[in-house]
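Since the structure comes first, as structure tokens, the remarks are kept for the end.
Here the structure is a predicted model, which means the values were calculated and not measured. Sequence positions, counted from 1, serve as the residue numbers for this chain. Whatever order the structure lists ligands and atoms in, that order sets their numbers, starting from 1.
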Amino acid sequence: MRIFLIGFMGAGKSALGQGLAAELGFKFIDLDKEIEKHFGKDITSIFATEGEDVFRDAESQKLAEAIEEHDDFVMATGGGTPCFGDNMQQMNESGTTIYLKMSTDHLVQRLEPESDTRPLLDGKKGHELWTLVHELLQEREPDYLKAHYKVKAWDLKPADLAEFLRLYEVVPSDEEE
Ligand code: S3P
């Protein structure tokens, strides 16, 4: 099965994704890392030199490739992945999508120390950062809410997410049932 973790920057998609993949014995794919490998540079440089449109095309292409090449994985998507092209439809049709929902306050708490290294946050701090996150989240949430499952991400542990999936989806288990 293919599991896609979606949600805003800072919601914990990569850390939870890695842990969840380990819990389930699945391959872990970090979509941002796949794009970085493709261009041979980090996300900040890709935005600066190629621009966002080129980044978004590569994002859709790498997503499609992963779906084409692998049947089982946990993927941490980028914060914008569900909001461009038909990415959300591709994910919903080829696997299980989980929205890691987090409040603006908690997102800002996590993002403030690293707002310099995230192109869309433009180094903003304090109230300016809060407003930007709040507005972008409002704009994007309709897409995030198309996910099959919406879970509260604050304090969520990979084992909790694995347990949730074992309850609601047929996932690989150590014991034959
Ligand atoms: C983006 C989020 C980033 C990365 C890029 C754009 C976004 O991923 O894909 O900087 O549009 O929200 P993370 O959500 O993993 O930080």
Side-chain angles (χ1 to χ4, degrees), residues 2-21 27-67 73-92 95 97-125 128-147 149-154 156 158 161:
R2 304 183 185 92
I3 299 168
F4 300 94
L5 299 185
I6 69 163
F8 206 84
M9 290 170 267
K13 302 180 292 289
S14 297
L16 273 165
Q18 272 176 51
L20 179 62
K27 176 183 175 64
F28 172 68
I29 301 175
D30 190 318
L31 190 55
D32 281 344
K33 294 270 178 295
E34 296 303 311
I35 302 165
E36 288 181 336
K37 269 190 249 164
H38 175 79
F39 285 101
K41 49 188 159 188
D42 65 18
I43 301 283
T44 310
S45 311
I46 300 167
F47 267 70
T49 55
E50 321 289 330
E52 183 170 354
D53 289 352
V54 171
F55 172 84
R56 294 301 171 194
D57 285 348
E59 184 174 47
S60 296
Q61 189 194 323
K62 289 288 147 194
L63 174 65
E65 275 176 28
I67 295 170
F73 59 72
V74 175
M75 178 186 282
T77 63
T81 312
C83 314
F84 290 86
D86 65 353
N87 295 345
M88 195 60 204
Q89 193 186 339
Q90 295 292 332
M91 294 190 279
N92 270 338
T97 49
I98 304 174
Y99 170 32
L100 302 177
K101 187 174 167 64
M102 203 176 274
S103 68
T104 300
D105 285 351
H106 280 143
L107 288 170
V108 169
Q109 196 175 312
R110 292 230 185 135
L111 290 169
E112 188 143 33
E114 45 187 72
S115 67
D116 304 311
T117 58
R118 290 175 181 270
L120 292 182
L121 301 181
D122 202 21
K124 290 195 166 52
K125 306 277 174 201
E128 265 200 333
L129 178 63
W130 194 94
T131 306
L132 189 152
V133 169
H134 180 69
E135 286 175 357
L136 194 54
L137 181 59
Q138 281 204 321
E139 188 185 310
R140 288 178 165 185
E141 200 159 51
D143 288 312
Y144 295 159
L145 290 171
K146 292 175 190 158
Y149 300 108
K150 296 98 181 158
V151 303
K152 292 178 193 155
W154 185 252
L156 185 65
L161 205 48

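Among residues two or more places apart in sequence or in another chain, the salt bridge (charged side-chain N to carboxylate O under 4.0 Å, His left out) test is passed with R56 by E52, E59. Residues meeting the salt bridge (charged side-chain N to carboxylate O under 4.0 Å, His left out) test with E112, sequence neighbours left out: none. Taking the salt bridge (charged side-chain N to carboxylate O under 4.0 Å, His left out) definition, one finds that K150 meets it with nothing, sequence neighbours left out.
With no hydrogens or angles considered, no side-chain donor-acceptor pair links S14 and K33 at under 3.5 Å.
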Salt bridge (charged side-chain N to carboxylate O under 4.0 Å, His left out) evaluation trace for K62 with D30: CA-CA 10 Å; K62 289 288 147 194; D30 190 318; over 6 Å; no
Any protein N/O atoms within less than 3.5 Å of an N/O atom in ligand 1? List the atom names and distances, or say none.
unit_1, atom_1, unit_2, atom_2, d
ligand 1, 8 (O), D32, OD2, 2.8
ligand 1, 9 (O), D32, OD1, 2.7
ligand 1, 9 (O), D32, OD2, 3.3
ligand 1, 11 (O), R56, NH2, 2.7
ligand 1, 11 (O), G80, N, 3.4
ligand 1, 11 (O), R140, NH1, 3.4
ligand 1, 11 (O), R140, NH2, 2.7
ligand 1, 12 (O), G80, N, 3.4
ligand 1, 12 (O), R140, NH1, 2.6
ligand 1, 14 (O), K13, NZ, 2.8
ligand 1, 14 (O), G79, N, 2.8
ligand 1, 15 (O), D32, OD2, 3.1
ligand 1, 16 (O), R118, NH1, 2.3

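Side-chain N or O atoms of R140 include one that pairs as donor or acceptor with a backbone N or O of G79 at under 3.5 Å.
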